[in-house]
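Here's the structure we're looking at; comments come further down.
Proteins come first, then strands; the chains are lettered A, B, ... in the order of their sequence lines, and each starts at number 1. Both backbone and side-chain heavy atoms feed into the values below; hydrogens, waters and symmetry mates do not. The shown structure was predicted, so the numbers you read here are calculated from the model rather than taken from an experiment.
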Number of protein chains: 4
Amino acid sequence: MQPVCLVIGAGAGIGSTVAKRFAGEGYHAVLCRRTDEEGLRRSVENIESEGGSASGFLLNAVVAGSIEERVADVEANIGPIEVVVYNLGAQIGDRALMDTSYKMFERGWRMATFGLFRTAASVCPPMERRGKGTILVTASTAAMRGNAGQHSHAAAMAGRRMLCQTLNAEYGAKGIHVVHIIVDGMVDAPDTLGKMLGPEAFRKLREERGLERDGLILPSAIADTYYHLAHQHRSAWTHEVDLRAFSDLPWWNR
Amino acid sequence: MQPVCLVIGAGAGIGSTVAKRFAGEGYHAVLCRRTDEEGLRRSVENIESEGGSASGFLLNAVVAGSIEERVADVEANIGPIEVVVYNLGAQIGDRALMDTSYKMFERGWRMATFGLFRTAASVCPPMERRGKGTILVTASTAAMRGNAGQHSHAAAMAGRRMLCQTLNAEYGAKGIHVVHIIVDGMVDAPDTLGKMLGPEAFRKLREERGLERDGLILPSAIADTYYHLAHQHRSAWTHEVDLRAFSDLPWWNR
Amino acid sequence: MQPVCLVIGAGAGIGSTVAKRFAGEGYHAVLCRRTDEEGLRRSVENIESEGGSASGFLLNAVVAGSIEERVADVEANIGPIEVVVYNLGAQIGDRALMDTSYKMFERGWRMATFGLFRTAASVCPPMERRGKGTILVTASTAAMRGNAGQHSHAAAMAGRRMLCQTLNAEYGAKGIHVVHIIVDGMVDAPDTLGKMLGPEAFRKLREERGLERDGLILPSAIADTYYHLAHQHRSAWTHEVDLRAFSDLPWWNR
Amino acid sequence: MQPVCLVIGAGAGIGSTVAKRFAGEGYHAVLCRRTDEEGLRRSVENIESEGGSASGFLLNAVVAGSIEERVADVEANIGPIEVVVYNLGAQIGDRALMDTSYKMFERGWRMATFGLFRTAASVCPPMERRGKGTILVTASTAAMRGNAGQHSHAAAMAGRRMLCQTLNAEYGAKGIHVVHIIVDGMVDAPDTLGKMLGPEAFRKLREERGLERDGLILPSAIADTYYHLAHQHRSAWTHEVDLRAFSDLPWWNR
C-alpha cells in the first residue's frame, strides 16, 4: 500500500500545494478541508493530472469525531499515514478584547490547539506501532508573541507550539517526528490571504510584493521545506524552524 | 471605598498569602476558591485577625458566568477591583498522551487559558474607565517549554502567556498592567504541592529542601514580589518575570 | 563595616540613582564612571547631602586591571561588596556593518561582556566566602534580538545575557543572586539618552513623552525594582525581568 | 567560474562533510582549518576522488587578517563565494569561573563571535554586489541558554546568534541569506567529539548511541539540511532552525 500524507486544512495555498508535492514523490495524498467541495475536487484532479494519487474529503475539524473517523478510515481503507500536515489556522484578523466573543476565543482553541491534540491522539498509536511517522504543524508568528487584537489567535497558536513540544518529548524517541514550522509572513494563497483581503487588494498586493518580487511566501517553496523536513535522517531532526520572504524582517524585528 | 484585590484561586499557598499581603497594605481582599469552604473561612479570618479586611467566596471558574458574576458583584457591592491575581493552575501531573482524555485537555484550557480570558473581559472595562488596574498572572515552567506528559498543562499555560501579551499590547497604554510571573519550582504550599505528594512525602520534602534550607519557594516571598509588581511606577512596568529558589536551576538548565 | 553597593557605570541616569537608593537604605555606595569627575563628585555629594554614605572613582572599565583593582580596594578599605550594579552599556547607535569597525565591535564586547566577566571573577570569590551577594546587570532590548545596525551592541548584550545565565548556574546555589534586567525602552537620563539626542531634541522628547506623561522610564522607578530584586528572599529569586514604560510596546511587538 | 562554498572550520566532522556535499552538487569547495595539514589534504582528496572540486588551506581564524585575506584570495583567484559555512566553535568543556582565564574567555569570543563578524565584513560586500549569497552558521545549545561551566562558550555563541540576527536584518532584503543552525546534541565527529572524549570513550559511545542507533548526529545528515537551506527559494527563507537526534530531548527539556 502507498504511504499516505494526510493534510488537514487543504486549502488552495499551503495545504494543497504540500499535498501535491508529497503526491509527486509517491505518497497518496489525502486532502481534507471544511468547505468548497468544488475547490477540493480541483485540488485532487490537479494532483491526478500530473500522475499523482489523491483523495479528498470535506472535514469540519471542530465537530466531535470528525478527525478521529477520518484517520481511522484512511488507516483502514487507504494506507498507513506516514505524514500528517496539520495546516488549520485560527486567524480571525485583529479584534479588540471586547469584540472577541467567548465563542470566537473558544473556536480558535478548537481549531488550532484541540484539533491538533485530537489528531495526535489518533495518529500516534499507529505511528508508534510502525516505529515511524511525521507530524508537520504549520505555525505562525502568533505562536511566538502576542499582539494587540490577537487574543484568540495567539493563545491558540502558542498552546499549539507547546503541544508540539510535549508530543516531541513523548514520541520523538519512538520515531515520531514532530515539526513546528513558523510561517512568519504573508503567503501567496488565494484561499486565506486572498479571502481576507478581497480580490482587488490581493491583486494589488501581489503586484507590489509578490510575483517576481518574491515578497509573498510561495506555497511551493514552503512545500519544498516541508518535504525536506519529513525526510531528514532521524539522527538530525528539526523540531522548530521558521520561514519568511527574504525581503521581510522576522517577527522579532517587527 | 477600599480598593479591592481579587484573588481567583485562593488556596492555602500563593493565593491566600498574596491576598493577606495586599490586605495588610490596605486593600480589601476578595478570596475565591473552588472548594474547601472551611479553608476559605480560615483564610479570611486569618486576614481579619491581623486587622485586614477580606471576603471569601466559593467559585468554580469553569462554570459559565461564575467569574463574570463575581466580578460584577464585587464591583457593585464591595469596591473597585484594582488588582486581580489570577492564580488558577492546570497541573494534573505527568500523563502520557493516551492517558490524557479530551476532557482533561479541555479542562486545562478552561481553567488556565479561558478563565483568564473571561476574567480579563470582565475586569478590563471598569479598569479602563478608571485608567488603572493590575492583573497579576501566576504562571509556571510549562508556559515556557513542553515536557513529556504535560500535554494539557503546557498547552494551557503557553496559551495563557500569549494571552497576557495580547492583553498587555491592547491595555498597557490604557493603564492596565498585566504581569506574567513564572513560578519556576516547587512552592511550599499544602493545598497544591502537599496534596499532589501526600502528607508524608510533603513532610519529608520540606525537611530535606524546605524550612530553613529555603529550597521550596515560600508563598510569602512570592507575595512580596507580587506586591512590588503591582506598585511599580507606570514608567517602569515589568511584563514578564521569573521566580525560583536560589538552590534550584532555572527551567532552561533542567 | 557598612555593606557596599558598587555601581560600575554610575552616570547621571540609572547608575547614580540606583546608588542613591541603596545609600538611602544604609549601604555605602561606591560610584564608578569613566569620565566627568565633576559629575561624579556631584552624585556623591547628592547622596551625602541626604545623609547617605558614598565614594566616587573614575574607572575606565576597558583598561586591564581597572575593575579588579577597584574591587580589591573596596573590599580591603571600604567594606564587603554585597551588591554590584553592572550598568555599562555598549550602545553606539545604529551603524551599518561596513561602518562598524573591528575596533568598535571589540569595544562593545570589552564594555558589555568582558567587563562583566572580569567583575564577576573579582567579586564572586569574596561573595562566595560570605555565602551571599547580588549582581544586578542592566540589560537592554539588544540582548533579546538583533536589529539592523546593532551588530556590536546586540552581540555584546546577548553574550552578556548568557554570561548571566552561566554565572547563575554556577553561583546561585552558593548564595549569589544574578539578575538580568532588560530595560526595554528610553530612559529619562541626561548622560545617555540626553547625550545621544542632544539637548534640544532631548528637551522636546521629554515634553512629548516624558515628565507627567511617564513615557520615558524614570531612573528612580528602575531603582525601586533594583532594590526590590536585591532583597528578594532567597527562596524566590528572580533571574530575568523586563522594565518598560506603560505606554510602550515590548520589544516583541516592535 | 564555479561558485564557491567556503568552509571555515573544515574538520573531519560537519565542516568537511558539508564541503563534500556542496562539491558533489557542483560547487568548488574551499576548506579551511587551523591545524592538521594531513587531514586537510585527505578531505580535499576525498572530494576530488568522487569527482568534486576542492582546495584546502590552513587558516588560524584568530590571527588578524587571516580570514580577510583568504576571502579576498578566493574571490580573486578561485571564484565567487556563494556560500560560506562558518563552522568554528568555541567549546572548551565545562570550566568553573575561576578556572576560566581571561585569555580563554577572550579566545572564545575571537573564534565564535568576532571571527563571524570579520567573515561577514569580508563576504557581504561582494555578495551584495552580486545580489545573492548564503551564510550558514553552525550554532550550538550554548547559543540558547547558559549552563554551569560554559562561561566562555555560552557568551560567545549567544553573541554570535544575535550577530546573525543583525546581519539578517541588514542584508536579508539585499539577497544575503543568513541561517543560524543549532546543532543541539553530540555529533558523530572524530575531530571534535572524538578528541574531547578520547578514542576509547568515543568508540564506546558510538557503540551505545551511534552507528545504527542513530543517536549521534551524522555529519552527512547535517549536510543534507545545510544544502537544503542554501537552496531555499528566496520567498521562504529559514533564519533559525535546530537539529538533534530523534532519541535526544531538545535543550529546553534537558
Side-chain angles (χ1 to χ4, degrees), chain C residues 64-65 68 90 94-102 104-106 108-110 112-114 116-118 120-125 128 141-174 176 178 180 239, chain D residues 64-65 68 90 94-102 104-106 108-110 112-114 116-118 120-125 128 141-174 176 178 180 239:
Chain C
E68 296 78 355
D94 285 345
R95 278 171 185 277
L97 179 65
M98 299 317 294
D99 297 330
T100 309
S101 67
Y102 286 7
M104 284 175 198
F105 190 81
E106 178 164 346
W109 172 79
R110 288 205 178 276
T113 317
F114 191 46
L116 176 60
F117 179 76
R118 290 163 50 214
S122 304
V123 300
C124 285
E128 185 181 358
T141 317
M144 305 305 286
R145 57 102 187 260
N147 243 341
Q150 293 279 302
H151 304 288
S152 165
H153 190 219
M157 296 307 270
R160 167 164 159 166
R161 180 178 171 223
M162 285 302 116
L163 178 55
C164 287
Q165 293 193 357
T166 58
L167 290 170
N168 174 65
E170 182 170 339
Y171 285 102
K174 295 174 178 176
I176 303 179
V178 181
H180 184 262
H239 182 65
Chain D
E68 296 78 355
D94 285 345
R95 278 171 184 277
L97 178 65
M98 299 318 291
D99 297 330
T100 308
S101 68
Y102 286 7
M104 283 174 199
F105 190 80
E106 177 164 347
W109 172 78
R110 290 206 176 274
T113 318
F114 191 44
L116 176 61
F117 179 76
R118 290 163 52 213
S122 303
V123 300
C124 285
E128 184 181 359
T141 317
M144 305 305 286
R145 59 104 187 257
N147 242 341
Q150 293 279 302
H151 303 288
S152 165
H153 191 219
M157 296 307 270
R160 167 165 158 165
R161 180 177 170 221
M162 285 303 117
L163 178 55
C164 287
Q165 293 193 357
T166 58
L167 290 170
N168 175 64
E170 182 170 339
Y171 284 102
K174 296 173 178 177
I176 302 179
V178 181
H180 184 263
H239 182 65

Tell me, for [X] versus chain D, whether the close heavy atoms (under 4.5 Å) come from the side chain, the backbone, both or neither.
| X | value |
| --- | --- |
| C/Ala96 | both |
| C/Met144 | backbone |
| C/Ala121 | both |
| C/Thr100 | both |

In short, salt bridge (Lys or Arg N to Asp or Glu O under 4.0 Å) pairs touching residues 151-174 of chain C with sequence neighbours left out are C/Glu128-C/Lys174, C/Arg161-C/Glu240
Taken in chain and number order and not counting sequence neighbours, the residues that satisfy side-chain contact (heavy atoms from CB on, under 4.5 Å) with C/Thr166 are C/Leu163, D/Gln150, D/His151, D/Ala154
When rounded to the nearest 0.5 Å, the distance separating CZ of D/Arg110 from CH2 of C/Trp109 is 6.5 Å
| Parallel, tilted or perpendicular: which describes the rings of C/Phe114 and D/Tyr102, with under 30° parallel and over 60° perpendicular? | perpendicular
Interface check, chain D: of C/Cys164, C/Gly146, C/Ala142, most non-hydrogen pairs under 4.5 Å belong to C/Gly146
Closest non-hydrogen contact found for C/Met162 with D/Ala158 is CG-CB, 3.0 Å
Taking every heavy atom of D/Ala148 against every heavy atom of C/Ala169, the minimum-distance pair comes out as N-CB, 3.4 Å
One option among D/Met98, D/Arg118, D/Arg145 has the most heavy-atom pairs under 4.5 Å with chain C, and it is D/Arg118
